[in-house]
Amino acid sequence: MKEKHNCRCDSCGCAFIPGPKTKREGEIEYSFFNCDFCGKAFIVSVTDEALRRNIRKYAVFADRQKTSTLSEMELLVAARLKQENLRRAAELRQMYIREE
Ligand SMILES: [Zn+2]
């Protein structure tokens with residue numbers, strides 16, 4: 001992921017270009033960036049071992065879809081995987097992010 005988006009810090013109001021970093025705590029991995037001006041941390045995502053494994057599984061389907069046509073069954077599996085990953089990511093956010 002190399003997209004550069006301008007973000008507006010909701011703490012100091014400055015616009016900045018985020019440079020995502022990751023931090024590991026046991027099997028939990030946080031992806032975040034800090035405001036260039038006030039240093040406030042914004043958490044992008046929280047993943048655990050199982051979620052990262054499922055994200056990689058989904059990426060394989062997404063990758064193959066670029067070069068070949070997936071069967072209906074594979075598309076179904078990929079769609080369910082994506083849905084489950086999003087659900088789990090939202091769950092982990094709630095569990096691990098304490099937003100002030
Ligand atoms: Zn700021």
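As a basis for the values below, the full set of heavy atoms in this structure was taken, side chains included, without hydrogen atoms, waters or symmetry mates. Sequence positions, counted from 1, serve as the residue numbers for this chain. Atoms within each ligand, like the ligands themselves, are counted from 1 in listed order.
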Donor-acceptor pairs under 3.5 Å, side chain of residues 48-60 to any protein atom, not counting sequence neighbours: which ones?
unit_1: Asp48; atom_1: OD1; unit_2: Ala50; atom_2: N; d: 3.4
unit_1: Asp48; atom_1: OD1; unit_2: Leu51; atom_2: N; d: 2.8
unit_1: Asp48; atom_1: OD2; unit_2: Arg88; atom_2: NH2; d: 2.8
unit_1: Glu49; atom_1: OE1; unit_2: Arg52; atom_2: NH2; d: 3.3
unit_1: Arg52; atom_1: NH1; unit_2: Glu27; atom_2: O; d: 3.2
unit_1: Arg52; atom_1: NH1; unit_2: Thr47; atom_2: O; d: 3.2
unit_1: Arg52; atom_1: NH1; unit_2: Thr47; atom_2: OG1; d: 3.1
unit_1: Arg52; atom_1: NH2; unit_2: Glu27; atom_2: O; d: 3.1

Which pairs of donor and acceptor atoms, one on a side chain in residues 8-23, lie under 3.5 Å apart (sequence neighbours left out)?
unit_1: Arg8; atom_1: NH1; unit_2: Gly13; atom_2: O; d: 2.7
unit_1: Lys21; atom_1: NZ; unit_2: Asn34; atom_2: OD1; d: 2.7

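Shown are the protein N/O/S atoms under 2.8 Å from the Zn ion (ligand 1), given by residue and atom: Cys9 SG, Cys12 SG, Cys35 SG, Cys38 SG.
The hydrophobic clustering, which links ILVMFWY residues whose side-chain heavy atoms are closer than 4.5 Å, places Met73 and Leu81 together.
Considering only residues two or more places apart in sequence or on other chains, Phe42 meets the ring pair (Phe, Tyr, Trp, His ring centres under 6.0 Å) condition with Phe33.
Other residues, nucleotides and ligands contribute more than 12 heavy atoms inside 6.0 Å of the CZ atom of Arg87.
One finds the OH atom of Tyr96 at 13.0 Å from the CD atom of Glu29 (value rounded to the nearest 0.5 Å).
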